[in-house]
Amino acid sequence: MLLSLILAWITVLFAILAAFKWIARISGSRALNRFFHKIHIPFGVLMLITGVLHGVLAGNPASATLSNFTFAPVLFTWNWGTACLVIMLGLALSYLLRRRLKKKWMTVHRILTVALIAVLVLHITGVGVQIFNRLSSRRETRTITSSSGISSAGSSASSGETSSPPSDASSGSAVTFSGATLKDGTYQGSADGYNGTIAVSVTVSGGKVTKINVDSENDTDRFFGSAESVLDTIVKQQSLNVDAVSGATFSSAGLINAVSDALQSAVISGTLKVNNINLSAAERRGH
């Protein structure tokens with residue numbers, strides 16, 4: 001969700017500016033110290049507000065809007081982002097209790113400041129600088145191919161090319177994929193992932209899915225890297241009725257739905273059976 005990313009980087013900016021109070025103090029410059037002293041508390045409050053708002057919106061897919069977003073799908077799971085928010089609350093609490101803590105409050109406040117900066121770095125490293133990834137697709141095409149020894153002869157047929165329904169040579173029965181009979185060819189499809197649209201190309205040969213290319217996607221590396229294994233499962237089981245990868249549910253659903261979208265025009269008979277993953281609550285435990 002783009003708004004969530006914008007709020008995240010605004011929070012980082014406020015955190016940096018608030019932390020500059022410490023740097024200004026040890027710099028010996030009265031002008032800098034005076035300036036950052038004035039903005040320290042307002043920026044600290046704004047950092048906390050934008051951080052909470054980011055946490056409420058984080059975890060929603062890129063297509064979500066304020067009218068249909070899921071409330072705090074990752075805020076109540078333990079991750080580096082949640083740790084940042086806890087430390088921010090600790091900073092606010094140490095300031096509010098400064099009279100009770102007396103001289104110790106500044107030491108506590110500074111320790112929490114260092115901890116916040118460290119955890120912010122870990123959070124950004126883990127999630128990635130996603131806001132720039134929205135501007136364009138940035139990853140090279142990846143391919144998942146069948147390892148079952150299926151011949152690729154005739155697989156160069158383009159999308160929409162007609163062919164007779166394939167048949168199983170050993171039994172004489174029609175070959176099916178996830179409940180449907182497919183015609184050979186290469187088909188393109190797309191669906192929403194975690195951070196944007198996932199586009200794929202699917203090759204059907206001998207009535208079976210033999211190759212899946214990921215043409216473009218903008219999902220977070222660690223989530224999408226885990227979710228890609230669902231493509232191996234689709235090819236291996238010749239089915240779209242497969243489970244999502246734990247901790248990468250949105251990306252998994254995006255891949256499954258993109259392959260399903262691609263194969264709609266390949267169906268000769270039957271209906272594709274797809275695992276319709278419920279995304280409204282699925283990501284409360286991760287992603």
What distance do [X] atom [atom1] and [Y] atom [atom2] have between them, rounded to the nearest 0.5 Å?
X    : Y    : atom1 : atom2 : answer
L96  : L89  : CG    : CG    : 10.5 Å
L93  : L112 : CG    : CG    : 9.5 Å
W9   : L13  : CH2   : CG    : 10.5 Å
T249 : D243 : OG1   : CG    : 10.5 Å
I198 : N257 : CD1   : CG    : 9.0 Å
L272 : S260 : CG    : OG    : 5.5 Å

Judged by atom type as modelled, is there a donor-acceptor pair below 3.5 Å linking the side chain of [X] to the main-chain atoms of [Y]?
X    : Y    : answer
N33  : S29  : no
S239 : I234 : no
R98  : Y95  : yes
E217 : G193 : no
T11  : G51  : yes
S94  : L91  : yes
Q264 : D261 : no
N275 : V242 : yes
D192 : T197 : no
T176 : G179 : no

Closest non-hydrogen atom pair between [X] and [Y], with its separation:
X    : Y    : result
A92  : L48  : CB-CD2, 4.3 Å
A19  : T113 : CB-CG2, 4.3 Å
V202 : A262 : CG2-CB, 3.8 Å
S201 : D215 : OG-OD2, 2.5 Å
S251 : Y194 : OG-CB, 3.7 Å
T186 : Q188 : CG2-NE2, 3.8 Å

Checking side chain to side chain donor-acceptor pair (under 3.5 Å) for the pair S205/D184: CA distance, chi angles, key distance, verdict? CA-CA 5 Å; S205 179; D184 291 357; 4.8 Å; no
Side chains of [X] and [Y]: does their closest heavy-atom pair fall under 4.5 Å?
X    : Y    : value
V175 : K208 : yes
V45  : F14  : no
L97  : W105 : no
N213 : T203 : no
V235 : I212 : yes
L263 : L182 : yes

Shared hydrophobic cluster, [X] / [Y] (ILVMFWY, side-chain heavy atoms < 4.5 Å):
X    : Y    : value
I23  : L116 : yes
M47  : V121 : no
I117 : M88  : no
L7   : V12  : yes
I16  : I49  : yes

Classify the angle between the aromatic ring planes of H109 and H40 as parallel (below 30°), tilted (30 to 60°) or perpendicular (above 60°).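 Plane angle over 60°, so perpendicular.
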Take the angle between the ring planes of F36 and F20 and call it parallel below 30°, perpendicular above 60°, tilted in between.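 Because their plane-to-plane angle lies in the 30° to 60° range, the rings of F36 and F20 count as tilted.
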Could you go through the side-chain contact (heavy atoms from CB on, under 4.5 Å) check for L231 and V259 one step at a time? CA-CA 9 Å; L231 298 180; V259 174; 4.1 Å; yes
Please test V52 against L85 for side-chain contact (heavy atoms from CB on, under 4.5 Å), starting from the C-alpha separation and ending with a verdict. CA-CA 7 Å; V52 170; L85 187 57; 3.7 Å; yes
Consider only side-chain N and O atoms of T181 and S269, and report whether a donor and an acceptor are under 3.5 Å apart.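 Per modelled atom types, T181 and S269 side chains form a pair under 3.5 Å.
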Might you work through the side-chain contact (heavy atoms from CB on, under 4.5 Å) test for Y187 and V204, ending with a clear yes or no? CA-CA 8 Å; Y187 306 89; V204 179; 4.0 Å; yes
Derivation and outcome, side-chain contact (heavy atoms from CB on, under 4.5 Å), residues V274 and N241: CA-CA 5 Å; V274 185; N241 193 22; over 6 Å; no
Should we count CH2 of W80 as having more than 12 external heavy atoms under 6.0 Å?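 No, not enclosed.
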